[in-house]
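These notes are about the structure you will find just below.
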Amino acid sequence: IQGNGDLNIAGKTNAGVTFGGTAINYSVRNLNLTGLLTVSTTGNLTVTGTTSITSTGAFTDNNNAGITAFTGLITHNSTGAWTSTTVTTASNMVFSAGFTNTLGTFSAGAATIGDNQTLTGTVNMSFVNGVTVTGNSDLTIAGTATTGVTFGGTAINYSVRNLTLTGRLSLTTTGNLTVSGTTSITGAGAFVDNNNAGITTFTGAVIHNSTGVWSSTAVTTPANMIFTAGFTNTAGTFNAGGASIGNGQILSGAVVLIFNNGLSIGGAGDITITGAGGVRLAGTAINYTVPGNLTLTGTLLVSTTGNFTV
């Protein structure tokens, strides 16, 4: 493409232009789609500028052999679909500056995201083959209390360092989610875990201070939901199945934290509960045991029909 290398592709949601061939590479600067761009080449597509998908624009990538790399921000705001489920290798779909999905369905296999970038899912963004975050592996997920990003797939593991949620993160994968740093849930941020097959681990402190919900009632096995450094629930409902807490950690409930399927405490088994809402230990015939010392500077409500032992 001559000059600055900018390209407009027009057409319909199901018609436009195909970039095909065997080991053929394509490169543009700014890419504007108001029709369908289909990538079927076994080579690479590189967009060095921004990508804008509007009106009836759509994008389909059928290529898991080459690398599709977007250096600038991608904004999808069209009646057409983003479809890259064929790309099952994360390093073959690169969003260096994040992705904003304002309108139109988004269905991806795997992708690599630039460090400290944002995935904005005003309309939900679904991944089914994993997400890799470069650099320090910090990630922000934006959207609404009911939309954002879904980490899905069969036995697919996801890992980030610091996780910031101002939209909803939904887990449907049967694999693991590991957050090695801190987790901050603010604004309209929400977290929904529908996975009791894999292990969701939060190594650092988790702070929930949003209008959105924390819902992990599907995780009925305490060993599959780990809060190594405790949990602070300042605003927003918190409703969990089971969970494991690190020894000597704090569950702080300005708004009550509800557990329905057991609470396991590591190490010596010491725990502190703070906050006016505090903690509620609930469930049917669910037993709760504090093996070590229990410190209360907030409310503890035991409503389970099982046993409670300190």
Side-chain angles (χ1 to χ4, degrees), residues 6-20 26 28-41 45-64 68-88 90 92-114 117-131 139-153 165-173 187-190 192 212:
D6 297 341
L7 178 66
N8 298 318
I9 293 176
K12 301 183 294 184
T13 58
N14 59 358
V17 171
T18 297
F19 287 170
Y26 295 82
V28 302
R29 189 182 70 161
N30 296 320
L31 177 63
N32 296 302
L33 303 180
T34 57
L36 172 66
L37 171 59
T38 301
V39 179
S40 61
T41 177
L45 167 64
T46 303
V47 182
T48 60
T50 61
T51 300
S52 176
I53 309 172
T54 59
S55 185
T56 55
F59 180 86
T60 299
D61 195 331
N62 294 317
N63 167 32
N64 193 42
T68 300
F70 298 89
T71 303
L73 177 66
I74 306 167
T75 303
H76 179 206
N77 184 25
S78 77
T79 57
W82 174 286
T83 306
S84 57
T85 50
T86 300
V87 185
T88 57
N92 287 346
M93 177 61 67
V94 182
F95 304 142
S96 295
F99 198 112
T100 297
N101 200 59
T102 308
L103 179 65
T105 60
F106 177 100
S107 300
T112 295
I113 316 297
Q117 296 300 317
T118 301
L119 296 176
T120 301
T122 306
V123 174
N124 202 66
M125 303 172 65
S126 176
F127 297 88
V128 295
N129 290 101
V131 169
L139 178 65
T140 296
I141 292 175
T144 71
T146 57
T147 66
V149 171
T150 297
F151 287 169
L165 303 180
T166 59
R168 186 179 72 176
L169 171 58
S170 298
L171 290 186
T172 60
T173 177
V192 177

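We number each residue from 1, following the sequence as shown.
Checked against side chain to side chain contact (heavy atoms under 4.5 Å, CB included), A111 has the following partners two or more places apart in sequence or in another chain: M93, F95, I113, F127. Residues satisfying the side chain to side chain contact (heavy atoms under 4.5 Å, CB included) test with V128, not counting sequence neighbours, are S126. Residues meeting the side chain to side chain contact (heavy atoms under 4.5 Å, CB included) test with V94, sequence neighbours left out: I67, A69, S96, T112. Listed by chain and residue number, nothing satisfies the side-chain hydrogen bond (donor to acceptor under 3.5 Å, both in side chains) test with T54 (two or more places apart in sequence, or in another chain). For N8, the side chain to side chain contact (heavy atoms under 4.5 Å, CB included) partners at least two apart in sequence or on another chain are N32.
Proximity of I74 to W82: side-chain heavy atoms (C-beta onward) are separated by under 4.5 Å at one or more points. Inter-residue side-chain proximity for F151 and L169 is flagged as met; some heavy-atom pair is nearer than 4.5 Å. Within the 4.5 Å cutoff, side-chain heavy atoms of N62 are placed close to those of T38. When side chains are defined from C-beta on, T75 does not count as touching T50, because their heavy atoms never get closer than 4.5 Å.
N92 places no side-chain N or O within donor-acceptor distance of the main-chain N or O of V87, the cut-off being under 3.5 Å. Put simply, the side chain of Y26 never gets that close to the backbone of V47: no donor and acceptor are under 3.5 Å apart. Side-chain atoms of T18 do not come within 3.5 Å of backbone N or O of G20 as any donor-acceptor pair.
Under 3.5 Å, the side chains of N63 and T68 contain no donor-acceptor pair of N or O atoms.
You'll find the ring centres of F70 and F99 outside the 6.0 Å limit.
Listed by first and then second residue, the side chain to side chain donor-acceptor pair (under 3.5 Å) pairs involving residues 98-107 are H76-N101 (not counting sequence neighbours).
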